[in-house]
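Being a predicted model, the structure only gives us computed values, none of them experimental. We count ligands from 1, going down the list as the structure has it; atoms in each ligand are counted the same way.
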Amino acid sequence: MEHVAPPTGYPVVGMIGGGQLARMTQQAAIALGIGFDVLAANRDDSAARVVPETMLGNPDDPTAALAFSRNCDVITFDHEQVAVKVLEALTEAGANLRPGPAALQYAQDKIEMRKKLTAAGIPCPSWLAWEEGMSAEAAGEQIGWPLIVKTSRGGYDGRGVWVANDASELTQILTNPLAPGARWLLEQKVDFAAELSAQVARSASGQAVAYPVVRTVQTNGICTEVVCPAPGLSAEMAVTAQDLALQIAGQLDVVGMLAVEMFLTADGVLVNELAMRPHNSGHWSIDGAISSQFDNHLRGVLDLPLGSPQRLAPWVVMVNVLGGDQPDMYRAYRHVMARDPELRVHMYGKEVRPGRKIGHVTVLGEDLEDLLARAHHAADYLTGVIDE
Ligand SMILES: Nc1ncnc2c1ncn2[C@@H]1O[C@H](COP(=O)(O)OP(=O)(O)OP(=O)(O)O)[C@@H](O)[C@H]1O
Ligand SMILES: [Mg+2]
């Protein structure tokens, strides 16, 4: 493919990975007028369908990543599971990786993340890294039953997360195959009142802004609903969560977007995990904030002044559209659009597979109950769960 450079003076941001996050970053790149290139595995990947400067190649292959990086001023990622050998090859070649590998390791490996956050005094669920030869009973006694078992690397959308109620279940879970370099992380099963996400954008030179803290709902491990701001969260707790996220972004030298997933408990917040990229919990910001997470991710990695994360209405609700039995989503457009002209529909150009994230809808306004009902109706109608 011939590479078409942006007009004189404009930089090229290259994103490794061709999923919906890259697709939505493209929308922000268009407005900024910069060059935006994507390294995608397949021609029909979500971003590869819409980004003309897509290079097809295996994002886990250092040779492909190196060839891709030659046209780019900055390299960033739409997922964290970038192969270490790719990061090393790019670093060696002098590519400008944002976030850098030193930060990214804490989003790639949940044990490294737990160690780092615990050492920094950031509240986390109690945890231990499973070692060969440990006793399942003793581990359970230390953490308390039931406990959560996770693969340290390679999990996403709840794949790689199990609940063990007793030693025999734990022993059984630990027989599952592990991804290369992964280990088992055991942690306290937190009795949370809600799950929160605190997102911050941070630029290469250290400017940072905090988005309003949102409430997320996970269904079968997949984020399905986001409400901004988190309903019922005290102003004090919201500031605590934002402070933690800003502190983590600074201490880990994160560049671009950081999402800190948290559990809200009776005793305060505990950090679940980190994502150093635009995140599902921030899709509301495309329609609901002055500067979206995609805009600020690009500004952060380009070291531009950041945009305002301020929301545009008292409430913003985002509901994910997951694949159902109905293969054709477009057929539902007439109904959902006629029913609700204020509904914002975002579909990712992905084939329907049951449970797969294929789009989202957003509504904003003053009446939270009404917004929740409208967003869920639209998502359910698109999916085919309801037909009226
Ligand atoms: N320690 C815990 N206590 C209670 N629930 C938990 C715990 N850890 C994870 N969960 C539940 O499982 C979900 C997925 O866990 P986690 O975020 O660690 O996995 P993931 O697969 O990496 O997720 P993602 O889709 O965000 O990449 C959480 O959102 C939460 O609902
Ligand atoms: Mg998660």
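Not one N or O of His279 is nearer than 3.5 Å to an N or O of ligand 1, by distance alone. At least one N or O atom of Glu273, backbone or side chain, sits closer than 3.5 Å to an N or O atom of ligand 1.
Remark: minimum distance from atom 21 (O) of ligand 1 to any protein heavy atom is reached at Gly158 N, 2.7 Å. In this structure, atom 25 (O) of ligand 1 lies nearest to the protein heavy atom Asp157 N, 2.7 Å. For atom 18 (O) of ligand 1, the closest non-hydrogen atom on the protein side is Lys150 NZ, 2.7 Å.
Annotation for ligand 1: atoms under 4.0 Å from non-hydrogen atoms of Lys110 are 16 (P), 18 (O), 19 (O), 20 (P), 22 (O). Close contacts between ligand 1 and Phe192 involve ligand atoms 4 (C), 5 (N) [criterion: under 4.0 Å to a heavy atom]. Residue-ligand proximity, Lys189 to ligand 1, at heavy-atom distances under 4.0 Å covers atoms 3 (N). Per-residue contacts place Val161 under 4.0 angstrom from the following atoms of ligand 1 (heavy atoms of the residue considered): 15 (O), 19 (O). The distance from ligand 1 to the heavy atoms of Tyr156 drops below 4.0 Å at these ligand atoms: 21 (O), 25 (O), 27 (O).
Nearest N/O/S atom of Glu261 relative to the Mg ion (ligand 2): this is OE1. When you scan the N, O or S atoms of Glu273 for the one nearest the Mg ion (ligand 2), you land on OE2.
Between Arg215 and Glu225 a salt bridge is recorded (basic side-chain N to carboxylate O distance below 4.0 Å). Using a 4.0 Å cut-off between a side-chain N of Lys or Arg and a carboxylate O of Asp or Glu, Asp45 and Arg23 do not qualify as a salt bridge. Contact check on Glu273 versus Lys150 returns no salt bridge, with no Lys/Arg side-chain nitrogen under 4.0 Å from an Asp/Glu carboxylate oxygen. Salt bridge absent: Glu351 and Arg356 never bring a charged side-chain N and a carboxylate O closer than 4.0 Å.
Counting heavy atoms of neighbouring residues, nucleotides and ligands inside a 6.0 Å radius, atom CD of Gln207 exceeds 12 of them.
Compare Phe263, Trp127, Trp162 by their heavy atoms: the one nearest to atom 7 (C) of ligand 1 is in Phe263. Counting heavy atoms only, Glu195 comes closest to atom 29 (O) of ligand 1 of the residues Glu195, His79, Glu261.
Under 4.0 Å from ligand 1, the heavy atoms of Asn272 that appear belong solely to its side chain. With a 4.0 Å heavy-atom cut-off, ligand 1 is reached by the backbone of Val190 and by its side chain too.
Aromatic ring orientation, His283 versus Tyr348: perpendicular (interplanar angle above 60°, classes split at 30° and 60°).
Among Lys116, Arg114, Lys115, Lys110, the single residue meeting the salt bridge (Lys or Arg N to Asp or Glu O under 4.0 Å) criterion with Glu112 is Lys115.
Of all heavy-atom pairs spanning Pro146 and Val163, the tightest one is CB-CG1, 4.0 Å. When every heavy atom of Ala375 is checked against every heavy atom of Val317, the shortest pair comes out as CB-CG1, 3.8 Å.
Distance CD/Gln293 to CG/Asn280: 8.5 Å, rounded to 0.5 Å.
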